[in-house]
Amino acid sequence: MFGIPEWALPVLAQGERVIQFTDYPATFVTSRNETSRSLDLRKLDGMFTPKDQFFTTQHMGHPDVDPAAFRLKVTGLVEKPKSYSLDQLKALGATEVPAGFECSGNSPRGMQGLASCGKFTGVPLRKVLSEAGVKADAREIVFFGADHREDEVDFRGTKYKVDQQFGRSLTREEATAPEPFIAWNMNGEPLTKAQGFPLRLIVPGWYGVANVKWLSQIHAQEDVYLGNYQARWYRTLKGEMVDGEMKWTETAISRMHLKSVVARVTSEAGQIKVLGFVLNDGTPLKSVEVKIDNGPWQPATLDASNTKYSWKLFTYAWKGATPGEHTLVSRVTDAKGRVQPEAADLANKKSFLEDNGQMIRKVTIT
Ligand SMILES: Nc1nc2c(c(=O)[nH]1)N[C@H]1C(S)=C(S)[C@@H](COP(=O)(O)O)O[C@H]1N2
Ligand SMILES: [Mo]
């Protein structure tokens, strides 16, 4: 147990043994405190991530929200501006939705630990929007968190210091779709402060940044919202060859790009099991495959408990593993024919967000 904290040890079934990855040191510690934490994937053993392991991150620290005084405001281009207490909001009715998501900055650098899956309880956003009556000229719905700070806003080289809340937007169409909801519980318990207590938006199938924590205001407007965390910090600069010419684009961070990750390898009674997860935008999956060394792609098995917007767990029974060093990699393909790219295919993606490349893992079989 030298130097390895107790929480870093995987949960093991009886007789099960973890095969350590050699692509990270055995003592690799994912960052862990209440405000910034990665999930240690070597512990992955089920669909729902416990609240004290769920990854967490944000830009401005945690605001203090007094639940008794708290009101969720609905403002802007609406027929009836609203101000809901928590009880009033909960009285609108509740749905339970398993939702898995990752930070758009998740990558091999942090062992893909900025990802988790929870069962969230809340009210569909469109119920709240229809109570307020979104006016015909509203094209954009903006979501503000209670967190704010003075930031530099650059306009053509001049920097202005202004105090702004964390804000994200959805188009009217996206916001009134059946999926987005306002959650107050995760895994049957109130959200923790880190997860956005008392309320957060959950946009199933989208990257984590869309899930505005400490949600305090919903604002309907005609203009496209261009806040810092919408238009500047969360975009992807990439090049694509179009008709033989390199075309550079800048796009917003929205739906999750198809990704699979090998999370954990265990051995029990001579049987080696590979466990991993898939995150995507909710499109049905066609296949998840695993490749050992330079062998062929082999089909992995998707877990029966997977749901549309959960992460999708998969397992692969590795037969005939020989002693020595091996590489392991997974690849997911969806029903629209999209295939998880190889890391090299992303060479023309200059900014680091949305890294969904295949991740090669290494293990030593003894
Ligand atoms: N109010 C607010 N919400 C926020 C953020 C933030 O800085 N402020 N960060 C976003 C980002 S970048 C991510 S990845 C997720 C992380 O959610 P979690 O801490 O529950 O994992 O919260 C999102 N919601
Ligand atoms: Mo994020």
Side-chain angles (χ1 to χ4, degrees), residues 30-41 48-65 70 72-73 97-107 109-110 112-122 142-151 163-170 180-187 189-219 225 227-236 252-257 259 279 311 351-356:
T30 57
S31 62
R32 189 185 199 256
N33 60 53
E34 284 305 307
T35 52
S36 169
R37 171 174 60 217
S38 295
L39 170 63
D40 192 332
L41 293 184
F48 297 116
T49 314
K51 65 177 179 188
D52 60 342
Q53 290 181 38
F54 207 97
F55 92 93
T56 189
T57 184
Q58 61 282 305
H59 292 276
M60 322 175 186
H62 295 167
D64 270 317
V65 180
F70 176 83
L72 173 66
K73 298 203 166 66
V97 186
F101 59 91
E102 65 170 352
C103 176
S104 50
N106 197 27
S107 78
R109 280 187 316 247
Q112 302 281 7
L114 294 175
S116 294
C117 182
K119 190 192 285 169
F120 292 89
T121 310
V142 191
F143 305 89
F144 291 107
D147 48 338
H148 63 99
R149 77 170 169 209
E150 202 170 79
D151 264 333
D163 196 279
Q164 285 184 308
Q165 281 166 279
F166 179 88
R168 288 279 307 179
S169 69
L170 296 172
F181 64 105
I182 302 170
W184 48 81
N185 272 15
M186 187 184 90
N187 301 344
E189 285 183 84
L191 297 174
T192 63
K193 191 170 188 175
Q195 290 158 356
F197 176 83
L199 292 180
R200 81 179 303 170
L201 184 67
I202 296 284
V203 189
W206 285 51
Y207 280 110
V209 69
N211 300 330
V212 177
K213 304 197 279 189
W214 312 290
L215 180 67
S216 63
Q217 189 183 355
I218 300 174
H219 188 77
Y225 175 73
N228 199 34
Y229 303 98
Q230 183 74 23
R232 293 188 290 278
W233 271 56
Y234 284 87
R235 62 200 173 107
T236 287
I253 303 302
S254 61
R255 293 173 177 83
M256 285 186 280
H257 291 198
K259 176 189 274 187
L279 281 168
W311 59 14
S351 48
F352 67 85
L353 302 179
E354 300 187 301
D355 178 355
N356 68 327

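Whatever order the structure lists ligands and atoms in, that order sets their numbers, starting from 1. These figures come from a predicted structure and were not determined experimentally.
Which of Val212, Val209, Ile253, Leu353 comes nearest to atom 11 (C) of ligand 1 through a heavy atom is settled by distance: it is Val209. Around atom 3 (N) of ligand 1, the closest heavy atom drawn from Gln195, Lys213, Arg200, Arg37 belongs to Lys213.
The shortest N or O to N or O distance between Asn211 and ligand 1 is under 3.5 Å. At a 3.5 angstrom cut-off on N or O pairs, Thr56 counts as close to ligand 1. For Glu102, no nitrogen or oxygen atom sits less than 3.5 Å from a nitrogen or oxygen atom of ligand 1, counting backbone and side chain alike. In terms of N/O distances under 3.5 Å, ligand 1 is approached by Asp147. Ligand 1 has a nitrogen or oxygen under 3.5 angstrom from a nitrogen or oxygen of Phe55.
Between the side chain of Ser351 and the backbone N or O of Leu353 there is no donor-acceptor pair closer than 3.5 Å.
Within ligand 1, counting atoms from 1 as listed, the ones closer than 4.0 Å to a heavy atom of Tyr234 are 12 (S). Atom numbering of ligand 1 starts at 1 in the shown order; those under 4.0 Å from a heavy atom of Trp214 are 1 (N), 2 (C), 8 (N). Within the listing of ligand 1, atoms 13 (C), 14 (S), 15 (C), 22 (O), 23 (C) sit less than 4.0 angstrom from a heavy atom of Gly208. Below 4.0 Å from some heavy atom of Cys103 lie the following atoms of ligand 1, by number and element: 14 (S).
Residues passing the side-chain contact (heavy atoms from CB on, under 4.5 Å) test with Asn211 are Phe101, Arg200, Ile202, Val203, sequence neighbours excluded.
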*Derivation and outcome, salt bridge (Lys or Arg N to Asp or Glu O under 4.0 Å), residues Arg149 and Asp151*: CA-CA 6 Å; Arg149 77 170 169 209; Asp151 264 333; 3.1 Å; yes
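Scanning the protein heavy atoms around atom 16 (C) of ligand 1, the nearest turns out to be Thr57 O, 3.5 Å. For atom 7 (O) of ligand 1, the closest non-hydrogen atom on the protein side is His59 N, 2.8 Å.
Residue Phe144 does not touch ligand 1, judged by heavy-atom distances below 4.0 Å.
Side-chain contact between Tyr207 and His257: present, with at least one pair of heavy atoms (C-beta onward) separated by less than 4.5 Å. At a threshold of 4.5 Å between non-hydrogen side-chain atoms, the residues Leu191 and Met186 count as touching. With a 4.5 Å cut-off on side-chain heavy atoms, Pro198 and Trp184 do not count as touching. Between Leu170 and Trp206 there is a side-chain heavy-atom pair separated by less than 4.5 Å.
Ring geometry for Tyr229 against His59 counts as tilted: the plane angle lies between 30° and 60°, on a 0 to 90° scale. The aromatic rings of Phe144 and Tyr225 lie perpendicular to each other, with more than 60° between the two planes, well past the 30° mark.
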